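In what follows, a single structure is set out as structure tokens and then discussed.
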Amino acid sequence: MEYLVRVARVTDIDRVVALSDDSVRMSRGESPLGAADLMRQLVYMPQASIVVAEVRRVVVGGGILSLRPSVRAGGYVGTIDLLVVDPEHDADRITEALLEELLRSASNKGCTVVEAQRPDDPAALARWERMGFGEASPGIQRTVAAAGAATRRTI
């Protein structure tokens, strides 16, 4: 099966929320916006990237990258805030494709580091480690070269 990874549209957000199950559901006491409302706003913000994986025009995975400036990191730090995959599809291939696109976006936006919460599931952690993520307190992270930097890797 061929998976297409692309930038998310507002119309994709409900499906991403449905795939994420309880991991993004917030109570009204925690935020005036629901997860879907917040994600719809992030679609248009330059300091965030939302990507989806689809097959036959059905969204089967999604990921969110948010950016913050960091003097300590020497540039922007990207945080992969959400990565979800439909359990009926190939988690390895979809995770790799989504992470690859989020890392490309992070590099293009000037990130020097991309971090994420450490997955509890050993299989999920192994997927992230295959993409170059390693232990970093309190989560995992990966160094990336900013677009145009001399240290950028070529393929």
Side-chain angles (χ1 to χ4, degrees), residues 1-21 23-24 35 38-70 73-155:
M1 222 178 279
E2 282 295 314
Y3 296 104
L4 169 71
V5 176
R6 61 171 174 76
V7 173
R9 297 186 277 267
V10 171
T11 55
D12 299 321
I13 298 304
D14 288 333
R15 176 67 177 147
V16 173
V17 171
L19 287 173
S20 64
D21 200 340
S23 63
V24 297
L38 183 57
M39 281 189 221
R40 283 187 196 93
Q41 290 183 13
L42 291 175
V43 166
Y44 299 108
M45 299 180 95
Q47 60 272 56
S49 295
I50 302 179
V51 297
V52 294
E54 68 177 17
V55 63
R56 296 184 194 118
R57 297 187 181 187
V58 175
V59 173
V60 295
I64 298 175
L65 172 76
S66 58
L67 308 178
R68 64 177 169 81
S70 173
Y76 290 99
V77 172
T79 300
I80 298 178
D81 195 39
L82 179 72
L83 190 89
V84 294
V85 176
D86 186 328
E88 300 294 316
H89 291 271
D90 187 340
D92 288 335
R93 287 181 54 212
I94 295 171
T95 298
E96 181 179 331
L98 289 169
L99 285 175
E100 192 174 283
E101 184 62 22
L102 290 171
L103 291 169
R104 185 198 60 75
S105 179
S107 176
N108 287 344
K109 291 181 180 207
C111 290
T112 58
V113 172
V114 174
E115 61 188 14
Q117 184 174 358
R118 186 182 191 280
D120 293 329
D121 176 40
L125 180 58
R127 286 184 206 107
W128 288 76
E129 288 173 341
R130 282 194 300 270
M131 292 298 295
F133 285 82
E135 293 294 327
S137 185
I140 58 174
Q141 70 179 24
R142 176 184 161 166
T143 303
V144 296
T151 59
R152 186 160 186 181
R153 174 175 81 104
T154 58
I155 299 175

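Because the structure is predicted, anything quoted here is derived from the model rather than measured.
Rounding to the nearest 0.5 Å gives a distance of 5.5 Å between CE of Met131 and CG of Leu103. Between the CG atom of Leu102 and the CD1 atom of Ile50 there is a distance of 10.0 Å, given to the nearest 0.5 Å. Note that the CZ atom of Arg93 and the CZ atom of Arg127 stand 13.0 Å from one another [nearest 0.5 Å].
Using a 4.5 Å heavy-atom threshold, the side chains of Lys109 and Tyr76 count as separate. Side-chain atoms of Asp92 and Arg130, non-hydrogen and from C-beta on, do get closer than 4.5 Å to each other. Looking at heavy atoms from C-beta onward, Leu98 lies out of side-chain contact with Ile80 at the 4.5 angstrom threshold.
With sequence neighbours excluded, the residues satisfying salt bridge (charged side-chain N to carboxylate O under 4.0 Å, His left out) with Glu135 are Arg118. Residues satisfying the side chain to side chain donor-acceptor pair (under 3.5 Å) test with Thr79, not counting sequence neighbours, are Glu115. Among residues two or more places apart in sequence or in another chain, the side-chain contact (heavy atoms from CB on, under 4.5 Å) test is passed with Asp120 by none. In this structure Ala106 satisfies the side-chain contact (heavy atoms from CB on, under 4.5 Å) test together with Leu65, Cys111, Val114, sequence neighbours excluded.
Among pairs with a residue in residues 112-137, those fulfilling ring pair (Phe, Tyr, Trp, His ring centres under 6.0 Å) read Trp128-Phe133, at least two apart in sequence or across chains.
The environment of CD in Glu129 is crowded: more than 12 heavy-atom neighbours from other residues, nucleotides or ligands sit within 6.0 Å.
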Donor-acceptor contacts under 3.5 Å from residues 10-19 side chains, at least two apart:
| unit_1 | atom_1 | unit_2 | atom_2 | d |
| --- | --- | --- | --- | --- |
| Asp12 | OD1 | Arg6 | NH2 | 3.0 |
| Asp12 | OD2 | Arg6 | NH1 | 2.7 |
| Asp12 | OD2 | Arg6 | NH2 | 3.2 |
| Asp12 | OD2 | Arg9 | N | 2.8 |
| Asp14 | OD1 | Arg40 | NH2 | 2.6 |
| Asp14 | OD2 | Arg40 | NH2 | 3.4 |
| Arg15 | NE | Val59 | O | 2.8 |
| Arg15 | NH2 | Val59 | O | 3.3 |
| Arg15 | NH2 | Asp86 | OD2 | 2.8 |

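Taking the charged nitrogens against the carboxylate oxygens, Glu101 and Arg104 do have a contact shorter than 4.0 Å, which makes a salt bridge.
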query = Passes side chain to side chain contact (heavy atoms under 4.5 Å, CB included), His89 versus Val55? Steps please.
reply = CA-CA 10 Å; His89 291 271; Val55 63; 3.7 Å; yes
